[in-house]
Amino acid sequence: MRHLFLRRLSTPAATASPPPRILTQQLRYAARTLQGFCFLHLFWEHFYSVGATSGASMLPTINIEGDFIVISKLYSRGRGVGVGDLVSYVHPVDGPGVHVCKRVIGMPGDFVVVDPMGAIGTPGDMVQVPEGHCWTTGDNLPYSKDSRYYGAVPLALVRGKVIARMWPDPRWFENAVQTVER
């Protein structure tokens with residue numbers, strides 16, 4: 001009996017690696033985890049993302065702080081965006097790390113009033129939005145740095161269309177601009 005006990009301790013099976021079945025389960029789990037991360041990355045980059053907001057430029061549509069908005073990336077680069085839509089884009093002056101949310105006021109070829117309040121220029125000055133650009137402003141004009149300051153925004157900078165507020169007061173954003181018949 002003592003002899004069998006000593007033989008069991010000295011055999012290489014006591015120090016061997018886990019059975020192949022456990023190893024394949026671990027590899028399968030790692031592969032599924034990697035697939036999940038890849039799916040989430042693709043979903044986040046090309047379909048929908050969520051972002052926090054801060055600033056008074058979009059009052060009363062979006063609160064000063066604490067709102068989380070849903071951005072549809074299906075509208076990236078301005079595809080399907082129209083006048084009246086809320087868009088998220090890379091700030092054209094501050095660089096790639098700064099994203100803003102503003103309302104589209106003019107699309108390529110439209111004429112827009114630069115500053116209806118006259119705080120920046122002469123009231124009533126108009127410009128035509130160039131091809132491949134859009135004109136954006138905040139809903140709260142006195143507290144918004146927008147196209148009135150840095151000009152038309154290239155559509156290539158548009159990350160997506162803001163379609164909803166998730167938190168704290170969930171609601172869908174709809175385009176309230178309606179076509180007027182003459």
Side-chain angles (χ1 to χ4, degrees), residues 1-82 84-104 107-108 132-134 136 138-139 144-147 150 152-175:
M1 182 83 107
R2 182 173 173 207
H3 187 333
L4 283 173
F5 179 72
L6 289 175
R7 191 182 324 170
R8 283 187 191 161
L9 288 178
S10 63
T11 59
T15 59
S17 61
R21 185 179 61 130
I22 293 175
L23 189 59
T24 57
Q25 287 175 346
Q26 290 172 345
L27 287 173
R28 196 174 296 139
Y29 177 74
R32 294 283 184 212
T33 303
L34 182 63
Q35 286 175 344
F37 281 123
C38 289
F39 174 78
L40 285 175
H41 171 74
L42 288 173
F43 188 81
W44 195 265
E45 288 296 318
H46 299 288
F47 294 100
Y48 295 95
S49 67
V50 176
T53 62
S54 64
S57 69
M58 289 304 293
L59 278 173
T61 308
I62 297 174
N63 294 320
I64 293 175
E65 195 170 302
D67 281 4
F68 287 89
I69 56 174
V70 178
I71 301 166
S72 172
K73 304 285 182 88
L74 302 174
Y75 298 90
S76 67
R77 299 186 176 272
R79 288 186 298 256
V81 171
D85 288 336
L86 291 176
V87 293
S88 172
Y89 58 91
V90 176
H91 197 282
V93 177
D94 292 340
V98 180
H99 302 275
V100 294
C101 173
K102 304 288 183 196
R103 189 172 302 278
V104 175
M107 292 300 286
H133 291 71
C134 65
T136 63
D139 289 352
S144 180
K145 300 285 188 216
D146 45 41
S147 289
Y150 45 74
V153 176
L155 290 172
L157 296 180
V158 175
R159 291 178 50 225
K161 180 177 168 182
V162 179
I163 59 170
R165 177 176 43 220
M166 257 180 55
W167 180 263
D169 179 27
R171 74 176 196 139
W172 294 100
F173 292 127
E174 295 179 10
N175 191 335

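Note that these values count all heavy atoms, side chains included, but never hydrogens, waters or copies made by symmetry.
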Please determine whether the number of non-hydrogen atoms from other residues, nucleotides or ligands lying under 6.0 Å from atom [atom1] of [X] exceeds 12.
X	atom1	result
Gln25	CD	yes
Arg171	CZ	yes
Phe47	CZ	no

Atom of [X], atom of [Y] and distance for their closest heavy-atom approach:
X	Y	result
Ala152	Pro154	O-CD, 3.7 Å
Asn63	Pro168	ND2-CG, 4.4 Å
Gly132	Pro108	N-CG, 3.8 Å
Gly82	Val104	O-CB, 3.6 Å
Arg79	Leu74	NE-O, 3.8 Å
His91	Val100	CD2-CG1, 3.7 Å

- Let me see the working for Val153 and His133 under side chain to side chain contact (heavy atoms under 4.5 Å, CB included), right down to the final yes or no. CA-CA 5 Å; Val153 176; His133 291 71; 6.0 Å; no

When you measure from the side chain of [X] to the backbone of [Y], do you find a donor-acceptor pair of N or O atoms at a distance under 3.5 Å?
X	Y	result
Arg103	Asp85	no
Ser147	Thr136	yes
Asp146	Gly138	yes

With a 4.5 Å heavy-atom cut-off, do [X] and [Y] have their side chains touching?
X	Y	result
Leu155	Arg77	no
Thr61	Phe173	yes
Ile69	Ile62	yes
Tyr48	Ile71	no
Arg159	Val87	no
Leu157	Pro92	yes

- Query: For Arg32, what residues pass the side chain to side chain donor-acceptor pair (under 3.5 Å) criterion, not counting sequence neighbours?
  - Reply: Gln35

- Message: Please list all pairs meeting salt bridge (charged side-chain N to carboxylate O under 4.0 Å, His left out) that have one or both residues in residues 66-75, counting only residues at least two apart or in different chains.
- Response: Asp67-Arg165

- Message: Test: salt bridge (charged side-chain N to carboxylate O under 4.0 Å, His left out). Region: residues 39-66. Which pairs qualify, not counting sequence neighbours?
- Response: none

- Message: Would you compute the distance between atom CG of Leu86 and atom CG of Asn175 and round it to the nearest 0.5 angstrom?
- Response: 8.5 Å

- Task: Applying salt bridge (charged side-chain N to carboxylate O under 4.0 Å, His left out), name anything that partners Asp94, two or more places apart in sequence or on another chain.
- Result: none

- Item | Non-neighbouring partners of Lys102 that pass salt bridge (charged side-chain N to carboxylate O under 4.0 Å, His left out), sequence neighbours left out | none

- Item | Val158 and Tyr75: CA distance, side-chain angles, deciding distance, side chain to side chain contact (heavy atoms under 4.5 Å, CB included) verdict | CA-CA 8 Å; Val158 175; Tyr75 298 90; 5.9 Å; no

- Task: Check the pair Arg21 / Thr24 against side chain to side chain donor-acceptor pair (under 3.5 Å), numbers first and verdict last.
- Result: CA-CA 5 Å; Arg21 185 179 61 130; Thr24 57; over 6 Å; no

- Evaluation steps, side chain to side chain contact (heavy atoms under 4.5 Å, CB included), between Val90 and Val98: CA-CA 6 Å; Val90 176; Val98 180; over 6 Å; no

- Test side-chain contact (heavy atoms from CB on, under 4.5 Å) applied to Trp167 - qualifying residues, sequence neighbours left out: Phe68

